[in-house]
**Student:** 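Supplied in C-alpha cells, the structure appears directly below.
These figures come from a predicted structure and were not determined experimentally. Computed over heavy atoms, backbone and side chain alike; hydrogens, waters and symmetry mates excluded. Chain naming here is simple, since letters A, B, ... match the order of the sequence lines and numbering starts at 1 in each.
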Amino acid sequence: MAHVSLNNISHAYNANTDSETQVLTDISLDIPHGSAHALLGASGTGKTTLLKIISGLLIPTEGDLLVDGRRVNTDSPRERNIAQVFQFPVLYEHISVFENLAFPLRNRKVPLTEIHTRVKQTAELLEIDNLLSGKTTGLSIFDKQKVSLGRALVRNDVSAILLDEPLTAVEPSAKWRLRQKLKELQQELSLTMIYVTHDQLEAMTFAEQISVMHEGRIIQTASPRELVEKPQHEHVGFFIGMPGMNFLPTDSTACLSPPKGATKAGFRPDQAFVSTKQGHNSLQVAVIDQQALSTHLGESWGLLTCKYQDIEIRTRQHLNLNVGSTAWLHIDNPHFFRNGWRMTGQAEVTQGNA
Amino acid sequence: MSWMAWTPVTAIFFTAIILAVIVMTLWELKSPTVLRKGLLWFATTRGDRFFMCLLGSAIIHILWIATTDIEPAVATLVCLISAVLVMRYA
Amino acid sequence: MRKRINNRAWLMVLPVLFLVAMSAVIPLMTVVNYSVQDIFDDNNRVYVGLEWFIQIIRDPELHAALWRQILFSANVLAIEIPLGILIAKAMPRRGSVATGLLIFFAIPLLIPWNVVGTIWQIFARPDIGMAGMSLTSLGLDYNYTANPVDAWFTLVAMDVWHWTSLVVLLVFSGLRAIPEAYYEAAQIDGANRWQMFRHIELPRLKTVLGIAVLLRLMDSLMIYTEPFVLTGGGPGNSTTFLSQYLTRMAVGQFDLGPAAAFSLVYFIMILTLCWLFYSLISPAEEQTER
Amino acid sequence: MRPFVLNTLLLLLVSACDSKTPDNNQAPPLEQQADSSDQHQQAGKSLEDWIDTEFQPSTLGRDAQIAEMNWFKEAARDLQDIQISVVSETLTTHEYESRILSKAFFDITGIQVKHDLIQEGDVIEKLQTQMLSGRNIYDAYVNDSDLIGTHARYGYVVPLDEFMQGEGKDVTSPTLDLDDFIGLSFTTGPDGTLYQLPDQQFANLYWFRYDWFQRPELKDRFQKLYGYALGVPVNWSAYEDIAEFFSKHVGEIDGEKVYGHMDYGKKDPSLGWRFTDAWLSMAGAGDKGIPNGIPVDEWGIRVEGCNPVGSSVSRGGAANSPAAVYALGKYIDWLKAYAPPEASGMTFSESGPIPANGQIAQQIFWYTTFTADMIKPGLAVVDANGNPKWRMAPSPHGPYWEEGMKLGYQDTGAWTLLKSTPVEHRKAAWLYAQFVTAKTLSLKKTLVGLTPIRNSDLQHQAMTDAAPRLGGLVEFYRSPARIAWTPTGTNVPDYPKLAQLWWSNVASAVSGDLSPQLAMDTLAEQQDKVMARIERAGIQQQCGPKLNDEKDPEYWLAQPGSPKAKLDNEKPMGQTVPYDSLITAWREGRVR
C-alpha cells in the first residue's frame with residue numbers, strides 16, 4: 001500500500017479546443033498509507049473525474065499525482081497498481097468467479113500456484129469461497145460487488161483501492177453489511193482506500209478523512225467530526241449534518257455581534273433553541289412546524305421549524321411550543337462566514353445544549 | 001381440395017401428424033410440461049422433444065434413402081424407436 | 001421458456017395462427033403432396049412414392065451444389081464476420097463521423113439484389129469493368145465468365161461487399177451498448193487490447209454476433225439472384241448453388257414433383273440448421289437474462 | 001381457388017429466391033402504358049385515315065383494304081365491350097403491333113387490346129402457367145412454333161382448323177388467305193391440324209463482312225494459306241478455316257482487332273436455344289426430311305409413326321450420337337479459339353449486336369431478327385451510302401450433313417389460342433390476330449419489322465426496292481432454298497421441359513466440367529427420362545412417347561440414317577462459293 005498525494009491538480013475536458021470545460025480546479029490532497037479517505041459531494045462535482053485521474057484513466061491537464069513520492073501522471077492504469085470498484089458490479093460474465101478473481105493476476109503473469117493461493121485467500125477473506133467454481137451470472141449484486149472487490153484485493157501489489165459509490169446498486173438490506181465488510185478489510189489489511197460517495201453517512205462511517213467537493217474544488221478536507229464542528233465553507237455546513245446548518249444574513253442579526261466583514265451567520269440546529277421567553281440577542285420568529293423524533297419523560301424532543309422573516313430555521317430541542325405561535329430564537333456562538341468561507345480567529349465553538 | 005393434389009399416403013401422413021399434435025395438446029392440458037435437462041446439452045419441454053422427433057425422423061429418412069436401398073419402412077421403424085427414446089431421455 | 005406457460009395467451013395468437021396456416025401450412029401440405037407425384041397439370045398426376053426424393057438425394061449434381069453451397073457459406077462467414085467486427089471496432093463510437101460512416105455502410109444493403117449482380121457484372125468485366133481491368137492490367141489472366149476460380153472469387157467479393165455492412169452495423173450497435181466501466185475495469189485490471197476484446201467485447205457481442213451469423217448463414221444458403229445475374233451459375237456449375245438448382249427445376253422446367261421434393265429436403269436442412277443454431281445460443285441468453 | 005393455389009405453391013417452391021428474382025416481367029412495359037392512355041384521350045382515326053396514313057404500301061388496292069377493314073368492323077360488332085390482353089416477346093415487329101396496330105384495331109373495331117411485350121422466356125413461362133393451372137392469364141400468345149409438338153399433344157391449345165369451322169366461324173376473315181403464309185407448315189401438328197397463325201418469321205443464317213471478303217489482298221492470302229478461294233463457306237471446314245484466318249492470321253484490319261467468329265457462352269437458358277434450334281441439324285446429326293428429319297430430328301429424338309421412342313443412341317435416337325458430340329465440340333472449340341474473349345460470358349441478347357461494332361468477320365449462327373439493328377446509318381457495318389457492308393448467306397453444314405436435310409433454323413412467332421380462355425375473349429383475340437396479319441397492313445409491318453410472313457408481301461415491288469439495304473434478306477426469303485430452314489419439329493413432345501435440359505448440359509461442357517460426349521450422354525438420358533414420365537402419366541393420348549427398349553448402340557449406328565457412326569475424317573476439304581453467284585442463283589429461283 002502506498003501514500004497517494006495530489007498536488008494542485010486541475011483538469012479540463014477538451015483542453016485544447018474552444019469549448020473547454022473545467023471540471024477540476026487546483027486539487028491538493030494527501031492520503032497517507034493505510035488510510036480510508038472519502039470524496040464527498042453531490043453528483044457532478046468532479047468526484048468521478050478525480051477518481052479516474054488517480055486510477056490513470058485520465059491524465060490531468062495540470063498538477064502532479066504522486067504515489068509514494070513518485071510522479072505517475074502519465075503511467076498507464078496497469079503500471080500504477082491501483083484497483084477500482086465501480087458503482088455497479090463489473091464482471092467478466094463468461095468466466096467463473098475464480099477466473100474473475102484470477103484475471104488481474106493472469107494479466108500480470110503471476111505464477112499459477114500463486115494465483116491459486118491468492119484467489120483462495122481473497123475469497124475466504126470476502127466469504128465467497130463457496131462461489132468460486134460458479135459463473136458470475138446469477139449471483140446477487142451484493143456477491144457480485146464482493147467479487148469486484150476481490151479483483152482489487154487479490155493483487156498484493158495494489159497501492160490503493162478506489163471505490164466509486166460501490167453501494168449504489170446493492171440491495172438496501174445488504175448495504176450496511178458490505179460497508180462493514182469494506183471497513184473491516186481496510187483496517188485489517190491497512191489498505192489505502194479512496195471512497196467516492198454523495199452520502200455523508202457512508203462517508204462519515206467509513207473514512208478517517210473526508211474531502212468535500214463542490215464545483216470541481218475541494219472545499220474542506222477534515223475528519224468527520226471536524227466537518228461538523230468546523231465547516232470551512234457555507235457549503236460544508238449546509239451539506240454535512242441532518243439537517244444542515246442554518247444561515248442568517250448578518251445585517252439582520254446585528255445582535256449576534258458579528259465580526260467586521262462577515263456576511264452570514266451560520267449555526268447548526270443544536271446551536272440554537274426557540275422558547276417563549278425573550279432573551280438578550282434573541283430574534284422573534286414564527287413557529288411553523290414541529291417534528292417529533294423521540295419522547296422522554298412525557299416530553300417530545302425533535303426538530304422545530306420556525307420562520308425568521310422569510311428564512312426557515314431548524315432547531316433540535318424540546319417541542320413545547322404551539323405551531324403558529326410567536327416565539328424567540330436563541331443562538332449560541334454562531335459561525336461567521338464571509339463570501340462563503342468561514343472567518344477564522346474566532347473562539348472555538350463548543351457544542352452547547354442550551 | 002383437388003388443387004392440393006392429395007394422395008391417400010399423404011392424407012394418412014398428415015392425419016397422423018395432426019392427431020399427434022392433438023394428443024400432445026391434450027396431454028399438455030392434463031399435465032403441463034416441465035422444462036427438463038436430459039441427455040442433451042440443453043433443457044427441453046415436451047413440445048421441444050416432439051419437434052425434435054419430427055425433425056429427426058425427416059433427417060433419418062433422408063439419410064436412409066440417400067445411402068441404402070433397404071425398404072424405407074425400416075427407416076420409419078427406426079424413427080419410431082428413436083422417437084420413444086427422445087421423448088423419454090432427451 | 002422457463003416461465004409457466006399461460007394458456008390464455010394462445011387465444012391472442014389465433015389470428016396469427018390462422019395466417020400462418022394459410023400462408024405456410026397449407027402450401028407446405030401441398031408441397032408434400034406434390035413431392036410424391038409426377039404432376040403435369042391439375043388433372044394429370046401419377047403417384048410415384050419416394051422416387052423424386054431418391055432421385056434428388058442421390059443426384060451428384062445436387063451433392064456438388066450442396067458442397068459448393070457449404071463452402072460458399074463458410075467462405076462468406078469466415079470473411080464477413082471478422083471483417084465486420086474489425087471495421088466496427090475501428091469506427092468512432094459516437095459523433096458525426098460515426099453517423100456518416102453508418103450511412104455509408106448502409107448503402108450496399110439498400111441496393112436491390114439484382115442490381116448488385118448487375119453492378120458487379122460490369123465492375124468485374126475484364127474488358128470494360130474497373131475491377132476487371134485493373135486485375136488484367138496487373139498481368140493476371142482474370143475472366144470470371146470463363147475461369148471457375150475467378151468466378152468464385154468475384155462472387156465472394158461481391159457478397160462481402162454487399163453484406164459485411166450488415167455485420168458492421170450489428171456489431172457497432174452491440175459495441176455501443178457496452179458500458180464504459182467495463183473498459184475502465186479491464187484497463188485497471190491490466191488487460192491488453194486483445195484481452196479486452198476477448199473478455200469484454202466478445203462475450204457481450206455474443207447475441208448480436210449470433211444474430212449476424214444466423215442472418216448471413218440463412219441468406220447465403222439462399223443466395224440466388226446475384227450469381228444468377230453475375231455468372232448464371234457458371235462457368236460450368238462452378239457457381240451453381242442450391243436455390244439455382246431448385247429454381248431451374250421449379251420455374252424453368254415446371255417440374256413440380258421433383259421441385260417439391262427438393263424444396264422439402266432444402267427446408268429440412270435449413271430448419272435443422274436454424275434449430276441447431278437456436279439451441280446452441282439460447283441457453284447462454286437465458287442465463288444472462290436471469 | 002385453383003389459380004391462387006398454383007401461385008402459392010410456386011411461391012413456396014421458390015420462396016428461397018423468388019423475392020429476389022430479377023423481375024423484368026411484372027410491370028407492363030412503359031410505352032404500353034403510355035399508349036393505352038393515349039387511346040382514351042385521342043379521338044380515334046377513321047378506317048380510311050388509317051389506310052391512307054399508316055397502312056401503305058400494301059399488297060391490296062385501297063378499295064380492297066377498305067373492304068377488308070370493314071369486314072373487321074362488322075365482325076367485331078358483338079365484341080365491342082371486351083377488353084383483351086395479349087402478349088408477345090420484345091421485337092421490333094411486336095413493338096409496332098403494340099404501339100400502332102393495337103390502336104388502329106381499337107379505332108376500327110372498338111375492341112381494346114392490351115398488347116404486352118416481355119422476354120421470350122417469360123412468354124413461355126406465362127403460357128405454361130396458363131396451360132398447367134387453367135387460369136386465363138392472356139387471351140392470346142405469340143409464341144414460337146417450336147412448341148408445335150407440345151401443343152399438338154397436350155390438348156391445351158385450340159386447333160385453329162376446328163375453331164375456324166366452329167365457334168370462330170363468324171369471326172374468321174374471308175380474306176385471311178392461309179395459303180399465302182410461308183410458315184404454315186411450322187404451325188401444323190403431326191396430325192395435319194393447324195394450331196397457330198404465323199405473325200412474324202425469322203431465320204438463322206450465316207453472316208459475314210462482304211467488304212472484307214472482297215479485298216484482293218485478303219483473298220490472295222487466304223488462297224495461299226488454304227488452297228481455295230475465300231467466299232461463303234459451304235461446309236464447317238471452310239468456316240473453321242475462315243475463322244482461323246481472320247482471328248489468327250489477319251488479326252487486324254484498318255487498325256482494329258478482328259475476329260473470325262462470334263458466339264455466346266454464358267450459362268443461361270439462351271445457351272440452349274442455339275442447340276435446339278438447329279446446331280445439331282447443321283452438323284448433320286438428324287435424318288433427311290423437310291421440315292424436320294424423319295425419323296430422327298435435330299434434337300436427336302426418333303419417332304415411330306408420330307410417337308417419340310427415344311433420344312439416346314441406345315434407343316435409336318441421336319442426341320448423343322457422334323455427330324451430336326462433334327457439333328457440341330466444334331461449338332466449344334470455336335468459341336474458345338476464335339471468338340472475342342468476352343463472348344464466353346455473354347447471353348444470346350448480349351452477343352446479338354456485337355457484329356455491328358465492326359470487329360467480326362463472320363458468324364455462323366446469326367438471327368435475321370437482328371437485321372433492323374444492323375442497317376442503321378452510322379454503324380461500323382454500314383457504308384456511307386447507308387448500304388450494309390455485310391451480307392447474309394446460307395449457313396455452312398457439318399461433315400455429317402447430307403443433301404435433303406434441314407440446314408438451318410427458321411421459325412415463326414405465331415398466335416396461339418388456349419382452351420382455357422373464355423370463348424368471347426378468344427374470338428376477340430382471334431380477330432386481333434387476323435388483323436395484325438391482314439393483307440391490308442402486313443406489307444407495311446414487314447417493312448417495319450423485317451419479319452415476313454406472307455408470300456404476297458415478299459413478291460411485292462416494295463420488297464424489291466428495299467432489298468439492297470437488307471443484306472440478302474429479301475433474296476433469301478424469295479429463294480427456294482428457304483425451305484431447308486425450319487423450326488423445332490413435331491418430334492418434341494414437351495418443348496419447355498426438354499429445352500431446359502440443354503443449356504445446363506451445354507454449359508457443363510463449355511466449362512470443361514464434362515466432356516462433350518458425357519454432356520450429350522447426360523442430355524440424352526435426361527430427355528429419355530422426361531419422355532418416360534410423360535409415357536407413364538399417359539397424358540399424351542395421341543402421338544405420346546413410347547420409348548424403345550435400350551439396345552447396344554452399335555445396333556443403331558449400323559442402321560442406315562441417323563444415328564450415324566463416327567466419321568473417320570470430320571474435317572474434309574473446305575468448300576466455298578462466291579457470294580455473288582449464290583445470290584444470282586437465288587434470284588433465278590435455284591437453291592445454289
**Student:** Quick check: under 4.5 Å, non-hydrogen atoms only, which of residues 67-83 of chain B neighbour chain C?
**Tutor:**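 Listed by number, the contacting residues are B/Thr68, B/Asp69, B/Pro72.
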**Student:** Roughly how far, to the nearest 0.5 Å, is the OH atom of C/Tyr47 from the OG1 atom of B/Thr10?
**Tutor:**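 Going from OG1 on B/Thr10 over to OH on C/Tyr47, the span is 7.5 Å.
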**Student:** What is the minimum heavy-atom distance between C/Ile39 and B/Ala5, and which atoms define it?
**Tutor:**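 Nearest heavy atoms, C/Ile39 then B/Ala5: CD1-CB, 4.2 Å.
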**Student:** Looking only at non-hydrogen atoms, find the nearest pair between C/Ile26 and B/Met4 and report the distance.
**Tutor:**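 Closest pair (atom of C/Ile26, atom of B/Met4, distance): O-CE, 3.7 Å.
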**Student:** Which bit of C/Val36 is near chain B, if near means a heavy-atom gap under 4.5 Å: side chain, backbone, both or neither?
**Tutor:**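 C/Val36 touches chain B through side-chain heavy atoms alone.
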**Student:** Against B/Ile62, only a single residue in C/Leu264, C/Thr272, C/Ile268 fulfils side chain to side chain contact (heavy atoms under 4.5 Å, CB included); can you say which?
**Tutor:**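 Result: among C/Leu264, C/Thr272, C/Ile268, C/Ile268 is the only option passing the side chain to side chain contact (heavy atoms under 4.5 Å, CB included) with B/Ile62.
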**Student:** Evaluate C/Leu271 against B/Phe51 for side chain to side chain contact (heavy atoms under 4.5 Å, CB included), listing each step before the verdict.
**Tutor:** CA-CA 11 Å; C/Leu271 191 64; B/Phe51 175 76; 4.1 Å; yes
**Student:** Starting at CE of C/Met29, measure out to CZ of B/Phe13 and round the result to the nearest 0.5 Å.
**Tutor:**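 It comes to 9.5 Å.
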**Student:** With a 4.5 Å heavy-atom cut-off (strictly below), which parts of residues 51-72 of chain C touch chain B? List them by number.
**Tutor:**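 Counting heavy atoms that sit under 4.5 Å from chain B, the residues of residues 51-72 of chain C involved are C/Phe53, C/Ile54, C/Ile57, C/Arg58.
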